[in-house]
Amino acid sequence: VSFVGDATGGGEFGAIERLAGLFGGLGPGEVGIGDDAALVAVGGGSVVVAADALVEGVHFDLSVLSLADVGWKALAVNLSDLAAMGCVGTRAVVTVSGLDADGVASLYSGISDASAAFGCPVVGGDLTGGPCVCVSVTVLGSGAVLPPPVLRSGARPGDLIWVTGALGAAAWALRRGVWSAALARPVPRILEGVAARELGATAMIDVSDGFAADLSHILDASGVGCSLTRLPIADGATMADAVGGGDDYELIICGPFDIGPGLSNRGLAAIPIGSVVGDPTVRMLDGAPLGREGWTHF
Ligand SMILES: [Mg+2]
């Protein structure tokens with residue numbers, strides 16, 4: 001669950017921490033602000049819920065992406081947040097501002113394609129006027145699964161770390177201002193996330209802001225460090241694209257050794273990149289300190 005708002009003090013992540021302090025009242029087992037999705041008790045069961053908005057001029061440029069691309073991406077990135085909990089999004093609500101009827105139809109052609117591809121129908125939302133194009137999506141999925149949804153906070157010393165694919169392709173396209181499938185039509189790693197949860201993943205996150213920033217969220221929440229040997233870099237992309245570019249929507253998975261072979265046996269990609277260490281001040285990639293680079297839009 002991410003928040004976008006006023007830029008004073010600490011950026012988006014500082015703002016999220018302050019907002020998290022405003023709300024109490026969560027029951028046992030519920031998860032509120034600060035993970036990829038919330039886990040809430042509803043009617044005797046539990047539901048995972050995530051929301052993310054894409055804003056013209058901030059998250060996309062309509063000279064590069066079509067409105068259909070933006071629609072696809074808006075649903076896909078939300079499903080990616082649920083995948084990062086090991087959960088499947090099954091219903092969505094969508095609020096759109098700043099488009100006329102033709103624009104809404106174009107946007108919704110992409111939303112409906114993603115909805116069909118990932119089995120997540122839109123069940124409501126809103127259409128409003130506005131000064132720029134904004135698409136805000138909320139996705140819901142069942143949390144009633146065992147083992148429970150995977151949080152950012154469970155990584156343990158000795159865990160291995162994997163990513164589900166090469167990094168940097170979207171950043172490469174963004175830097176050049178060119179269309180690419182990686183940038184326009186990301187595929188949420190739903191099967192990988194669910195399988196990793198079933199195989200005992202201890203912590204997961206999807207790479208949206210940038211690998212280093214997103215891995216840092218796991219390390220901070222878990223109170224651990226990391227020792228990374230390598231990163232898989234997409235064709236043509238630079239190391240900087242891969243470490244800090246973002247918009248990859250691959251999963252970072254932490255957990256015991258068996259997860260790698262388990263995912264491989266299911267035909268799913270899991271590329272080992274290093275391990276979790278106990279000292280939270282140790283954050284190394286190929287012998288050099290790993291920063292917290294990530295794309296900041298705040
Ligand atoms: Mg996320």
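Read the numbers this way: they start at 1 and go in the same order the structure lists the ligands and their atoms. Index from 1, following the sequence.
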Electrostatic pair Asp209-Arg292, nearest N-O below 4.0 angstrom: no
Residue among Val194, Leu191, Thr164 satisfying side chain to side chain contact (heavy atoms under 4.5 Å, CB included) with Leu268: Leu191
Asp36/Arg152 ion pair, N-O < 4.0 Å: yes
Same apolar cluster: Trp162 and Val224, side chain cutoff 4.5 Å: no
Protein N/O/S atoms closer than 2.8 Å to the Mg ion (ligand 1): Asp36 OD1, Asp81 OD1, Asp206 OD1
Arg266/Glu198 ion pair, N-O < 4.0 Å: yes
Value rounded to 0.5 Å, distance of CG in Asp159 from CD1 in Ile253: 12.0 Å
